[in-house]
Amino acid sequence: MSTFTSLLPMILMFIVLWFLMIRPQMKRAKEHKALLEGLQKNDEVLTQGGIVGKITQISDGYVHVEVAPNTQIVVQKQSIGAVLPKGTLKSI
């Protein structure tokens with residue numbers, strides 16, 4: 001009984017840590033993975049570096065993003081932070 005009561009605070013701290021830090025982080029990672037799997041040509045995206053553009057080509061690990069007419073950059077898929085609503089580039 002004494003051993004259990006001495007481990008109880010550690011168990012409670014782990015449970016609190018799980019619900020406040022680990023679980024939300026796993027949820028965000030799952031949402032980001034779904035976002036990356038749903039990327040399509042002509043989607044307007046925002047990279048984690050703040051670059052806004054339109055996807056012109058998608059490969060396994062990289063995405064070609066048109067940032068200006070006839071100007072494309074190649075970024076890693078993981079660096080795509082968000083998919084913007086259609087027409088966002090025209091309003092900027």
Side-chain angles (χ1 to χ4, degrees):
M1 189 70 169
S2 173
T3 307
F4 177 73
T5 56
S6 64
L7 289 177
L8 189 61
M10 294 291 268
I11 293 170
L12 291 175
M13 285 179 19
F14 179 76
I15 292 171
V16 169
L17 181 72
W18 174 263
F19 281 103
L20 293 180
M21 293 180 68
I22 297 171
R23 189 168 174 255
Q25 184 177 357
M26 288 173 43
K27 183 178 178 185
R28 278 190 301 272
K30 185 178 178 183
E31 289 171 353
H32 189 252
K33 183 179 178 184
L35 176 123
L36 295 179
E37 290 174 353
L39 289 177
Q40 297 177 0
K41 187 176 177 180
N42 292 326
D43 279 348
E44 296 177 4
V45 295
L46 172 67
T47 67
Q48 291 177 353
I51 298 172
V52 178
K54 184 185 291 188
I55 294 177
T56 58
Q57 184 180 355
I58 301 174
S59 62
D60 289 337
Y62 295 93
V63 176
H64 294 250
V65 179
E66 185 177 45
V67 294
N70 299 320
T71 306
Q72 293 184 8
I73 60 173
V74 180
V75 296
Q76 289 184 331
K77 251 186 184 180
Q78 294 293 326
S79 69
I80 301 296
V83 176
L84 302 173
K86 298 284 184 194
T88 301
L89 292 177
K90 291 180 183 178
S91 66
I92 293 178

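Quick caveat: nothing in here was measured; it's all calculated off a predicted structure.
Connection of M10 to V16 is not established within any shared hydrophobic cluster, with ILVMFWY side chains joined at heavy-atom distances below 4.5 Å, either directly or through further cluster members. When hydrophobic clusters are built by joining Ile, Leu, Val, Met, Phe, Trp and Tyr residues whose side-chain heavy atoms come closer than 4.5 Å, directly or via intermediates, I22 is grouped together with F19. Under the 4.5 Å side-chain heavy-atom criterion for grouping Ile, Leu, Val, Met, Phe, Trp and Tyr, W18 is not connected to L8 through any hydrophobic cluster. In terms of hydrophobic clustering, with Ile, Leu, Val, Met, Phe, Trp and Tyr side chains grouped at heavy-atom distances under 4.5 Å, I92 and I51 are assigned to different clusters. When hydrophobic clusters are built by joining Ile, Leu, Val, Met, Phe, Trp and Tyr residues whose side-chain heavy atoms come closer than 4.5 Å, directly or via intermediates, L46 is not grouped with V83.
What you find for L20 and P24 is that their closest heavy atoms are O-CG, 3.8 Å. Heavy-atom minimum distance, V67 versus V52: CG1-O, 3.9 Å.
Looking only at side-chain heavy atoms (C-beta outward), I58 and K77 come within less than 4.5 Å of each other. The shortest side-chain heavy-atom distance between Q40 and I55 does not fall under the 4.5 Å cut-off.
Within a 6.0 Å radius of CD in E31, more than 12 heavy atoms belonging to other residues, nucleotides or ligands are found. The number of heavy-atom neighbours closer than 6.0 Å to NZ of K86, taken from other residues, nucleotides and ligands shown, is above 12.
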Report task. Just do the side-chain contact (heavy atoms from CB on, under 4.5 Å) check on Q78 and H32 with the steps written out, would you? Result -> CA-CA 9 Å; Q78 294 293 326; H32 189 252; 3.8 Å; yes
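Of the inter-residue distances, the one linking K54 atom NZ with T88 atom OG1 reads 11.0 Å to the nearest 0.5 angstrom. For the atom pair CD1 of I73 and OG of S79, the computed distance is 8.0 Å after rounding to the nearest 0.5 Å. With rounding to the nearest 0.5 Å, the separation of CG in L12 from CG in L17 is 12.5 Å. Between the CG atom in L89 and the CD atom in E44 there is a gap of 3.5 Å [rounded to 0.5 Å].
Side chain of T56 to backbone of H64: a donor-acceptor contact under 3.5 angstrom is found.
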